[in-house]
Every structure is written in C-alpha cells, then in structure tokens.
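Below is one structure, written out as structure tokens; comments come after it.
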Amino acid sequence: MGRFILIRFMYMVITLWVIATVTFFLMHHLPGSPLANEERIPPELKEQILAQYGLDKPLPVQYLDYLGKLVQGDLGTSFKYDGRSVTEMIQQGFPASAQIGLQAMVFGVLLGVILGCISALRRGTLVDNGATVLSVLGYAIPSFTLAALFSYYVGVVWRVLPAAGWGTFAHSVLPSLALSFLVIAQITRYVRTEMLEVLGQDYMKTARAKGLERRVIIIRHALRNALIPAITIIGPLTVALMTGSLVVEKIFNIPGMGWMFVDSIITNDYTMIMGVTMFYSFLLILSIFIVDILYGVVDPRIRLTGAKE
Amino acid sequence: MAANIKNLSPDLFEPAEFDHTKEEISRKRLSYWQDVRRRFFSNTGAVIGLVLILVIGMMAIIGPGMNDYNYRQQDYNVQNISPFDRIVGDHWFGTDNLGRDLWTRTWYGAGISLLIALIAAGIDLTIGVAYGSISGYFGGRVDDWMQRIVEVLVGIPNLIVIILLLIWLEPGIFPIALAIALTGWVNMSRIVRAQMLQLKSQEYVLAARTLGAGTRRMLMKHLLPNVMGPVIITLMFTIPQAIFFEAFLGFIGLGLRPPEASLGVLINDGYKMLQVFPYQTFFPAVILSLLMFSFNLLGDGLRDALDPKLRQ
C-alpha cells in the first residue's frame, strides 16, 4: 500500500511540474507585453516596473524564482488589478465556486445512486426507461444550455428563484442544479450497470437463501459492492464540474473562480491565468490522487495491479 | 463384464442413421460485419441517433443555401426579429442583433462545429492508434517509457491544456480542433494498447510470425483490423466531446472570431440577449443538444453491436 501511494504521489508531483513548466514558458511566448501602453512609458520607469515584477532577470532565473514561489504557495501579483496577489483573489473567489460544486456533487450523487438503484431493480419498467432517458439527456445537454434555460424560465419567466447574482442560498440553487445534471447522469448510469452486475452474482442467491430481508440484501450486499467502482468516476466528475462551473458562473454572474478565470483570459491578465491554472490543476490532480488512493483502499485488486505497473 | 461383451453378437446392432440435415447450419451464415449491421439496426435508439446525425449533417450542408442570405450578411432593417412573432421574408429562425439571418448562421455554425469535431477525431485517431499500437506491440522498455509519458499526460486536466493552447494560438477551425485533440488522443492510445496486448498473445499472431510476416504486415494486416471495434466506439464518444468543447470554448470567448459562426459562438451571442430574445439561444442550443444526444445514442448502439460482450 505504501509503495502504491508513493508511486501515485510521484506521478502527481511530476504532472504538476510539467504543467507549471509548460504554463510558464507558454506565457513568456505570448504576443504582447504585460505593460498596457509600453511605448509611452519612460525607459527608467519601465525598468523599475519590470524589476518590481522580476521581469528583468534572465529567463532561467525567472523560471526558478517562479517554481520556488509556487512551492511556497505564492502565485504572484495580478497584472491587471494593481498590487493584488493572485492567491488573495483566489481565496476570494474560491468559496462561491466550492459551494456550488459541492452542492451539485452531493445532490447529484444522492439522486444518481437512488435512480440507478431503482432502475436496476425495476429493470425494463417505465421507471428504468425514464432514468435511462434522463441520463442520456444529462450527457447530451451541456451545462451552459441548462443553466441558460433555468435562468430564463425559473428566474425570468416564473420568478421563483433569482435569475442571477450571489449572496443567499437561494442564489446558489439554480447554478448547483444546472451543474448537477451531469453528475446525476453519470452516477445513474454507472450505479445501474454495477447493480445489475452484482445482482447476478452467486452471493446474492446465498443471501436470499439465508432468508435475509430484501431491504438488507439490497443495501448491505448489493449496493455496497456496486458503489465501489462508482468511486472511480468521482475524479473525472470533479474535473467536469470545474469545466462546467466556468460557464455556469458566467451565466449566473457569480463572483467565483470560474468567472475570474474567464475574465483573466479575456483581459490577458497573464499572472492571473497562470495562477488560476496552477490552482485548478492542483485541485483536480489532488482529487484524482485521493480517489485513486480511496479506490486502492476499498478494492485490494486495484492496489495489486497498480503496484505492478 | 468382459465375458458379457464377448457374448454380444453383431446383429444386436444396427448402423445409426446419418442425417446430414441435422448437422447443417440452416441459418444464413453471417460474417462479423453483417452480424454487426444486424445488431445495430435492431437497436432503435442507435438508428434514431444515426438518422438525426445524418439529417443535421445534411442540413449543415444544404441549409445555408436554402434562403437568400449568407452567414455574415447584415441588414439593419430586420434586427432581432423573432420567428414566433412575425416572419419577415424567409428568416425562419429569426435574425440576430445585427440583422443576420439565424437560419443560415445556425446551419452554417452546425457545419463548422461538426467539421471541428471531425478534424479533432481524425487527429485523435491517427496519433492515438499509432502511439497505442507501437507501445502495445513492441512492449518492453519502449512500452514502459511510452506509458510513463501517458501517465503524466492523463493527469493534466484537458480544460487547462485547451485553454492555454488557444491563448497561445490564434483561434481558428484548425487550432481549436488541434487543441481538443491534443488531450484526446491519450484515451484512444490506451484503448488501442490494451487491445494490442491482448491480441499479441493469440495463436494466429504466432502463426503469422512463424510464416515470416514482418512488423509492418503484422500491424497492418493482422492486428489493426482486429482493433477496429473498440477504436470506432471510442471515436464515437470522442466526437460529441469535441463538439461540447468547441461550444464551451465559444461560450467563454475563446472560440472562433466574429463574423464566423459555430454552435458555441451562436449560443454565446444569443445568451447576451437571453432575457429579451430567448429564441436566439434556443435554436443553436437545441441543435447542439440534439447532436450530442444522437452521437451518444449512436456510440452506445455501436458498442453493443461491435462488442456484444460489453453489453450492459
């Protein structure tokens, strides 16, 4: 187990380093200068500004500086918003994004597990077909389309919930709902498949032969085993939720990380892009790492093949 | 016991009647691909998906030519005309805030989105199959190193790669397709490699090698045709993903530049007017969803048809 975690951890560090390096050099080859109107700035002042941001040093030194600061969690200063550090801005935007993401994840997983279970137990019935259609729709309709639909109908036409903005819990309902569709779709599909597989196993017959109650069989024996593989999709789902949150935050005008990221792309705020990219990558890679480890913990077979590789 | 057998006389036996018809396979013999076709067409969902894709694909080609406008032509006399209120001329989907015909723009944009997805899938296919088959076929140290690289690449969130690449490249049809494919091929290569590893150890491969087949012949004639099934399935799920990413990029402002149109760009344009003119988002969003829906159906159907063992 220790070896397995170590290998995974090593890959995580290498991946992060690759991302940091690529991001750094890509940013340096971008057209344009971080200074807004370069030609009008007197040369002495320009030098001073460049020195302030450390841009006068040779590239390898800048690179090492950047890596060194990164390890300490310092993501630099925003080019656009004077003197505000990227870390500080991320701290400001992150809570809103995390709240929406978590709500979508929890709601989606709960509903997905319930739907998947029911449709596996009632295979071929109306409920099953309904769940299948719902899950295909969840795959097919992009979250921004859903978000736009919700915002327009629930927010503007019916006026049930706020169409945009941030502040109270009511503001977070629609964005979370729009994001959760993908989670519901994927979890439903996965749990249904796994449940069908488990229900066909011999130990289910044994459990029934022992005279166990149906409820106990389903929850203790079937569902628990069916949920193990479902853990693996939590990692990719986190990635998908973050992708979705970029657009959903834009539609609902939520001052979160996603919105900040899109804004920094549009305004060419390079340090900001770099910082948010690193933060996102770190979060995603960390979540995949945790899921990998969790999976190794619950299912020893995975651990063995993982260690062999 | 032995004595008993000696007592048996030959006339106790009579020859069994040998009836050829009993052994005959009465059903029509089906080749693998015929069987695939039969399974595919008996799947209603898959056929619906295929038909929808064909219809949308066809409309993307002929749609823009069906009325007298082109996708960039502006007319300030007919701004923001909703198709549900009154139809002026033949603006079947209405017009946008610059008076451009949305029918033409929507179908033209659908075509561009499909084109981007197809190019991305093509790049995916080429790199993924090449990388995966080399890694799987040669094995050993080559495979070790190639898989190390893949392991790192898999960890990098594709969103980040795509966004970074598009900030660096000028957005256009090919750069967008390239950015999407740059992360997509890893998945394809993994599937091809897994198949290769499995096929490599089969007897017919050994037989072919004994008969003196070279690497090139082995791969082209014996191994790759057998990998086709999973490759096609993966491809079918790559395409809707590429369509989604294109739309996504268009929506966050990293897509094609105006006056170009793609489904993502159209949704982004329409969304700015969502509260006043919801129809401008409606049509491209519906077509985008339909496309992704039908590609998913088609992919599911093909998976069941090509590999019945995987049926779930």
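These figures come from a predicted structure and were not determined experimentally.
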(Q) Between A:Val18 and chain B, with a heavy-atom cut-off of 4.5 Å, which part of the residue counts as in contact: side chain, backbone, both or neither? (A) side chain
Q | Region of B:Asp300 in contact with chain A, defined by heavy-atom distances below 4.5 Å | A | side chain
Q) For B:Trp107, does the CH2 atom have more than 12 heavy-atom neighbours from other residues, nucleotides or ligands under 6.0 Å away? A) yes
(Q) Would you compute the distance between atom CE of B:Met292 and atom OG1 of A:Thr145 and round it to the nearest 0.5 angstrom? (A) 8.5 Å
Q: Measure distances from A:Phe289 to the heavy atoms of chain B and classify the residue's part below 4.5 Å as side chain, backbone, both or neither.
A: neither
Q: First locate atom OG of B:Ser289, then atom CG of A:Leu146, and finally report the distance between them rounded to the nearest 0.5 Å.
A: 7.5 Å
Q: Could you tell me which portion of B:Asn268 (side chain, backbone, both or neither) has an atom closer than 4.5 angstrom to a non-hydrogen atom of chain A?
A: side chain
Q.
With heavy-atom distances below 4.5 Å as the criterion, would you say the side chains of B:Phe248 and A:Leu246 are in contact?
A. yes
(Q) Only pairs of heavy atoms separated by less than 4.5 Å count here; which of A:Gly258, A:Pro142, A:Ser143 has the most with chain B? (A) A:Pro142
Q) So which of A:Leu284, A:Thr277, A:Ile285 has the largest heavy-atom pair count under 4.5 angstrom toward chain B? A) A:Thr277
Q) Is the number of heavy atoms from other residues, nucleotides or ligands under 6.0 Å of B:Gln147 CD greater than 12? A) yes
Q | Heavy-atom check, side chain of B:Phe251 versus side chain of A:Ile251, under 4.5 Å | A | yes
**Q.** From B:Phe237 atom CZ to A:Tyr139 atom OH, the distance as rounded to the nearest 0.5 Å
**A.** 8.5 Å
Q: Answer yes or no: does atom CZ of A:Phe24 have more than 12 heavy-atom neighbours from other residues, nucleotides or ligands under 6.0 Å?
A: yes
